[in-house]
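This report refers to the structure that appears directly beneath it.
The structure displayed is predicted, hence computed values, not measured ones.
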Amino acid sequence: MRPQWSPLWGLYWREIVRTFRNPFVLLITVVQPFMWLAFFGSSFSEAPASTLEGIFGASNYIQFLLPGVLSTSMLTVGMFGSMSTIQDKRFGFMKRILITPTSKGTVFLTKALGSASRGLVQFPVMVAAALVFGVPFHLSPLQWAAWVGALMLLAIGFCSLFLAITARATDWQTPGVVSNFITMPLMFSSAALFGAKYFPPWMVAISDVNPITFSALLGRSFVLGTTTHWVYLGYLAIFAGLMLAIGFVVSSRWLRVE
Amino acid sequence: MNGPLNGSAIVVKDLSKHYGSGARLVRALDHVTLTIPSGTVFGLLGPNGAGKTTLIKVLTGISEITDGDATVAGFDVRRQSMDVRARIGWVAAEVILDDDFSARENLWFQAKLQSLKGWESRAEDLLKFFSLADRADEKVNQFSTGMRKKLEIALALLHQPLVIFMDEPTIGLDVSTRRMLWDIVTGVHKEFGVTVLLTTHYIEEADALCDRIAIIDQGRILAEGTPSELKSRVRADIVQLETVEPLDAARLSRIPGVQEVRAQGNDWTVRVATADDFLPRLFASVRTDQIRRISVEKPSLETVFLEVTGRRLGQDEPIRDVRRFYAQMQRARR
Ligand SMILES: Nc1ncnc2c1ncn2[C@@H]1O[C@H](COP(=O)(O)OP(=O)(O)OP(=O)(O)O)[C@@H](O)[C@H]1O
Ligand SMILES: [Mg+2]
């Protein structure tokens, strides 16, 4: 099986350009994590700095929260990827694609990579927002790159997961339903929002294998300037690779056309 | 890229396609056998639910075959799907374009999907051929229905396919756009030398466009041939005449070659073997000043359809058409 470079590029380009021609999609992608930051992030703003230092190791909760919210919002990015695929099925565009020598696996790859790339649009917006909330950033270029890379891997993983689960779906609502089952458990049983310090043992067990935790901790170590566990990047790469492989096989075999 | 195709563009052998199972089993295609010679415009004529779209889906590889064999452009639909898909074009009943993109960008995208190189000049030729060149950089959601349809055909032709499939190319179009599309189908066929398989439930469309026609109903091919071959299967002309005074029906029936006589007042419908023989004999037995009006209806696909299916492609069809069209539109909007 040879990689289909031409359709891969064509389909990926379509995903990206479509995003920028459709301001609503951009808005939706950015609004939700921003709300988290603005509202949820402000919930400790009147707490004494010493209390915050004690619990979170940061004097500003938003500083602690930003890497976590960016990580959990990759779940939503996955849901949007699945929804745009269902849109293509319903409008018949999937037929237009598949009545050419383009394989279902290629369609899957471009959807996973395209949606993940689209999801990263929120990164600069969120960092800018955090700056406005008074979060300082002292990252080296390598750390910036590693942070974005970690989020990209996480996004690819979740997009693939959503696409695999909804390969046969044609209903708008399915991604939302799936998201309800995945998002809450993965979001709260991770170190994204509070850190796992005061978790019960069973949640620690989940958190320790939850890819959101790895991405959140990695980003946090950059933002707070603490020790970085670079192996987390490796775990995230394994997660992304595994999900891509599963999604590729599932889609090649079961992707519904209409 | 694609060499010329000799012989048959499409060969279908004993092909079946079933949906569902048990009590809800639908035999959308029921042992269909069909050969479509290369270079023809071939029409599948049938009512709603006949299996026309299903046949296109199966031949383009969108749906799996339940049983039987099919080759398109010389390649096995099941085992060599990629080879088939590199050599076919497809025009959907409901126009499917990417509305966020311009006509040129849609062509670019299609070229990428087909892995084409050096396609740009052909794309420009196609834009010119379809009179879209001066608006090719506009987003296609600003195009009229006819322009969108033309662009879709251009997309289907970009990679120089050997066969193109057109599912109900004129559904939902107004009369003048429909005429334009007929000209386009004929022109495309002449200019680009492709084999065209189109489906329709308009008899006059099949008659006007197609070199060969298959009549399909409930998943089965009931008749196949050139329009005139099909018409000659119905060996009768219909003569309608209006007389000044009542006639003796028996006198008409006695004329050799008359198969059936029906009367409604002074209006007569006479089914005859051939009007060419009947008319001189009629004039010999009835004074011509007794005849106020006379008309001859030669066998038409309409009468052929009636003969092979026992039904008329009826008057309720257009209404169902509209409903289906709106249903499609609504589905697309959701
Ligand atoms: N996905 C499907 N699942 C179940 N049944 C189907 C499916 N697609 C088509 N059918 C059935 O197969 C039969 C043939 O449908 P098809 O769409 O091929 O008809 P058609 O000739 O194209 O009709 P129309 O003129 O209305 O487009 C119908 O009875 C239809 O209900
Ligand atoms: Mg149909």
Side-chain angles (χ1 to χ4, degrees), chain A residues 1-26 83-107 109-111 114 118 168-174 252-258, chain B residues 1 53 56-64 72 75 77 80-102 105-117 119 139 141 152 155-156 158-159 161 163-165 167 328-334:
Chain A
M1 196 172 39
R2 278 183 301 136
Q4 304 184 308
W5 294 118
S6 170
L8 270 173
W9 167 234
L11 285 163
Y12 181 77
W13 175 87
R14 170 172 179 261
E15 290 293 319
I16 300 302
V17 173
R18 234 154 49 118
T19 314
F20 290 97
R21 300 229 171 135
N22 208 332
F24 271 114
V25 178
L26 274 183
M83 277 166 60
S84 98
T85 311
I86 284 171
Q87 179 175 336
D88 281 345
K89 292 178 193 171
R90 295 192 71 112
F91 287 176
F93 213 83
M94 200 62 93
K95 278 188 279 184
R96 162 156 308 301
I97 296 168
L98 290 174
I99 304 186
T100 68
T102 302
S103 69
K104 291 181 177 177
T106 300
V107 174
L109 286 178
T110 53
K111 277 286 174 193
R118 187 160 52 214
R168 293 206 66 73
T170 51
D171 193 322
W172 290 124
Q173 333 223 3
T174 314
S252 299
R253 186 126 180 62
W254 287 294
L255 180 70
R256 253 187 49 186
V257 180
E258 50 180 348
Chain B
M1 170 185 127
T53 302
I56 289 187
K57 282 191 194 166
V58 160
L59 293 179
T60 53
I62 282 293
S63 267
E64 301 217 346
V72 173
F75 291 93
V77 168
Q80 300 164 305
S81 178
M82 285 292 179
D83 294 299
V84 170
R85 279 147 63 182
R87 288 167 181 79
I88 59 174
W90 172 69
V91 179
E94 67 279 28
V95 179
I96 299 172
L97 297 168
D98 206 323
D99 278 347
D100 292 333
F101 294 100
S102 70
E105 287 169 328
N106 269 282
L107 283 160
W108 179 90
F109 185 62
Q110 192 71 13
K112 289 293 138 191
L113 290 178
Q114 289 283 358
S115 305
L116 300 185
K117 290 205 177 64
W119 53 276
K139 273 197 188 181
N141 60 8
E152 215 196 11
L155 294 182
L158 184 61
H159 57 293
V163 182
I164 77 173
F165 296 90
D167 197 2
Q328 267 173 3
M329 291 289 120
Q330 264 161 4
R331 196 152 23 99
R333 220 172 279 143
R334 241 187 287 148

Could you tell me which portion of [X] (side chain, backbone, both or neither) has an atom closer than 4.5 angstrom to a non-hydrogen atom of chain B?
X     : value
A:Q87 : neither
A:D88 : neither
A:L11 : both

For [X], is it the side chain, the backbone, both, or neither that has a heavy atom closer than 4.5 Å to a heavy atom of chain A?
X      : answer
B:K139 : side chain
B:A111 : backbone
B:F165 : neither

Taking all heavy atoms of [X] and all of [Y], pick out the closest pair and write down the distance.
X      : Y     : result
A:T100 : B:R85 : O-NE, 3.0 Å
B:S115 : A:S6  : CA-OG, 3.3 Å
B:I96  : A:G92 : CD1-O, 3.4 Å
B:F101 : A:R21 : CD2-NH1, 3.4 Å

### Query
Which residue out of B:K57, B:Q110, B:E105, B:E152 racks up the most heavy-atom pairs below 4.5 Å with chain A?
B:E105

### Query
If you count heavy-atom pairs under 4.5 Å with chain A, which of B:D98, B:I88, B:I62 comes out on top?
B:D98

### Query
Quick one: ring-ring contact (aromatic ring centres under 6.0 Å, His included) partners of A:Y12, sequence neighbours excluded?
none

### Message
So, using ring-ring contact (aromatic ring centres under 6.0 Å, His included) as the criterion, who are the partners of A:F93 when residues are at least two apart?
### Response
B:F109

### Message
Does A:F91 form a side-chain contact (heavy atoms from CB on, under 4.5 Å) with B:E94? I'd like the steps, not just the answer.
### Response
CA-CA 9 Å; A:F91 287 176; B:E94 67 279 28; over 6 Å; no

When rounded to the nearest 0.5 angstrom, what distance separates [atom1] in [X] from [atom2] in [Y]?
X      : Y      : atom1 : atom2 : value
B:S63  : A:E258 : OG    : CD    : 6.5 Å
A:T106 : B:L113 : OG1   : CG    : 10.0 Å
A:T102 : B:K112 : OG1   : NZ    : 11.5 Å

### Query
Given the rule in the side-chain contact (heavy atoms from CB on, under 4.5 Å) test, do A:R96 and B:L155 qualify, once you have shown the distances and angles that lead to the verdict?
CA-CA 10 Å; A:R96 162 156 308 301; B:L155 294 182; 3.9 Å; yes

### Query
Which class fits the ring pair A:W13 and B:W108: parallel under 30°, tilted 30 to 60°, perpendicular over 60°?
tilted

### Message
Let's test your reading of the structure: which of A:L98, A:V257, A:V17 forms the most heavy-atom pairs below 4.5 Å with chain B?
### Response
A:L98

